[in-house]
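All chains are named by letter (A, B, ...) in the order of the sequence lines, taking the proteins before the strands, and each is independently numbered beginning at 1. Note that the structure is a prediction, hence the values are computed from the model and not measured.
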Amino acid sequence: MPEPIIVFMGTPEYAVASLNALEQAGYPVAAVFTQPDKPKGRGGKVQAPPAKQWALERGIPVYQPRRIRDDGVEALRALQPDLCVTAAFGQILSQEVLDIPHMGTVNVHASLLPQYRGSAPVNWALIHGETVTGVTTMMTDKGIDTGDILLQKELAILPQETAGELTGRLALLGGELLVETIGKLLDGTCPRTPQDESNMSYYPMLTKQMGLMDWSKSAHALVNLVRGLNPWPCAYTPSPHGTLKVLSARAEEASGAPGMVLEADDKRGLLVACGEGALRIQSLQAPGGRAMAAHDYLRGHPMDMGSRMTEEG
RNA sequence: CGCGGGGUAGAGCAGUUCGGUAGCUCGUCGGGCUCAUAACCCGGAGGUCGAGGGUUCAAGUCCCUCCCCCGCAA
């Protein structure tokens, strides 16, 4: 068939990777739907989402309906798309929206479906200590990440990798897989497999509250929490000096009462006992401050060995 | 005008309330000690206190303006 009219729906950097892949593969994007600009910066400055910036730089029309299934339907219909592509759009599509493109809507999801459905698959995979993940292209249907699987590609997770880093790599992989998927859809050779519902898992959106570190857990579990929530919302813990964001840490062999400070000097750094093993905090961030290495922080905020990371004061 | 925290030596901080010699920990340089050290002792260098203006006999500190960093809001 001739060149399809593709309408893209996506919002963050993760979506831009797919836009770049489409562009490089020679698939023109007819329009971009993205979330409305939101006040982001300090002082109430609004900022355009990355996908919008990408489109504006190329003179591609941008649509920012508050809810596409309410006030974006007519605009989408008018574009007469053959195919819609979504990647971290941040809005749920109604059946009415899904019915518009006759080839359907392809979603680029950052997990090996049916595992890790939901809006934060990368974070949850890391929190659970997975060593392999991947990306899936799928036909979007009315459920959340429940549609038929088209193509999948695995990716090994690096030992110290954070959610931000892994998301970046998955986004690139997702772009490649998207191009491959569209090619096969166009020539009719794309496989299409229903998801195995008995093997599915779904995890919710991230909240700041999830980042509270429970020192009775194992050091490995806490390392995974720290990695999985970086760069947002980040793991945090109370401390003798107030709440600290823990940005990176690794597990060590040591023991003590959970939450007790085992080492705290500016040479060796900060070691805290966990329910199993101990957590070596490598970098952290205090309220109002910038991120810094634990030993830098300790120079100006000396901490006694034996104090607890459970209460302030 | 959305709210709040911050900028002081290479690093991390105190000092600002109530103006009166620029401090602490670490690093660094030199010397010493020890079988030994991320150990210890002695000595030194290193600061336009974010920028500009104002008040004052005197400003890191008080007043005004501006710049930059960080948190809240996913």
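Comparing the same atom, P, in B:rC62 and in B:rG2 gives a spacing of 26 Å after rounding to whole Å. A distance of about 41 Å separates the P atoms of B:rG43 and B:rG5, rounded to the whole Å. The same atom, C1', is picked in B:rG50 and in B:rC40; the two are 39 Å apart, to the nearest Å. Distance noted for atom C1' between B:rC49 and B:rC24: 16 Å (whole Å). B:rG7 and B:rA14: their P atoms are spaced 7 Å apart (whole Å). For the C1' atoms, the distance linking B:rU16 with B:rA73 amounts to 31 Å, nearest Å. Nucleotides B:rG6 and B:rG44 have their P atoms positioned 35 Å apart, rounded to a whole Å. If you take atom C1' in B:rG47 and the same atom in B:rG15, they sit 15 Å apart, rounded to whole Å.
For A:Asn123 against A:Gly228, the heavy-atom pair with the smallest separation is OD1-O, 2.7 Å. Shortest non-hydrogen contact noted between A:Phe89 and A:Thr11 is O-OG1, 2.8 Å.
Nucleotides of RNA chain B nearest to A:Arg290 and A:Pro287 differ in position, and the one nearer the 5' end is that of A:Pro287. The residue among A:Trp232 and A:Ala286 whose nearest nucleotide of RNA chain B is located toward the 5' end is A:Ala286.
Sequence neighbours left out, the pairs with a member in residues 86-106 of chain A that pass salt bridge (charged side-chain N to carboxylate O under 4.0 Å, His left out) are A:Arg77-A:Glu96. Sorted by first then second residue, the salt bridge (charged side-chain N to carboxylate O under 4.0 Å, His left out) pairs that include residues 197-226 of chain A, not counting sequence neighbours, are A:Arg117-A:Glu197. Annotation: side-chain hydrogen bond (donor to acceptor under 3.5 Å, both in side chains) contacts involving residues 221-233 of chain A, sequence neighbours excluded, comprise A:Asn224-A:Arg227.
Within a heavy-atom distance below 4.0 Å of RNA chain B, the residues of residues 260-270 of chain A found are A:Asp266, A:Lys267, A:Arg268.
Using N1 to N3 plus N6-O4 or O6-N4 for Watson-Crick, or N1-O2 and O6-N3 for G-U wobble, each under 3.5 Å, B:rG71 pairs with B:rC3. As the counterpart of B:rA38, no nucleotide is assigned, since no Watson-Crick or G-U wobble pattern has both distances under 3.5 Å. In this structure B:rC62 sits in a base pair with B:rG54, meeting the Watson-Crick or G-U test at under 3.5 Å. Nucleotide B:rG23 forms a pair with B:rC13, judged by Watson-Crick or G-U wobble geometry with both contacts under 3.5 Å.
Using a 4.5 Å cut-off between side-chain heavy atoms of Ile, Leu, Val, Met, Phe, Trp and Tyr, with links allowed through other members, A:Met139 and A:Leu22 fall into the same hydrophobic cluster.
At the heavy-atom level, A:Met292 lies under 4.0 Å from the strands shown only through sugar-phosphate atoms. Contact annotation for A:Lys38: no contact, since no heavy-atom pair falls under 4.0 Å across all strands. Using a 4.0 Å heavy-atom cutoff across all strands shown, A:His295 reaches no nucleic acid atom at all.
The CG atom of A:Asn107 sits 5.0 Å away from the CE atom of A:Met138 when rounded to the nearest 0.5 Å. Taking OG1 of A:Thr243 as the start and CD of A:Gln285 as the end, the distance is 12.0 Å to the nearest 0.5 Å.
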Worked verdict on A:Gln195 versus A:Asp148 for side chain to side chain donor-acceptor pair (under 3.5 Å):
CA-CA 6 Å; A:Gln195 294 193 31; A:Asp148 291 351; over 6 Å; no

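Bracketed by its first and final contacts, the part of RNA chain B lying under 4.0 Å from non-hydrogen atoms of chain A reaches from B:rG2 to B:rA74 in 5' to 3' order.
Partners of A:Ala264 according to the side-chain contact (heavy atoms from CB on, under 4.5 Å) rule, which considers only residues two or more places apart in sequence or in another chain, are A:Val261, A:Leu270, A:Leu298, A:Met303.
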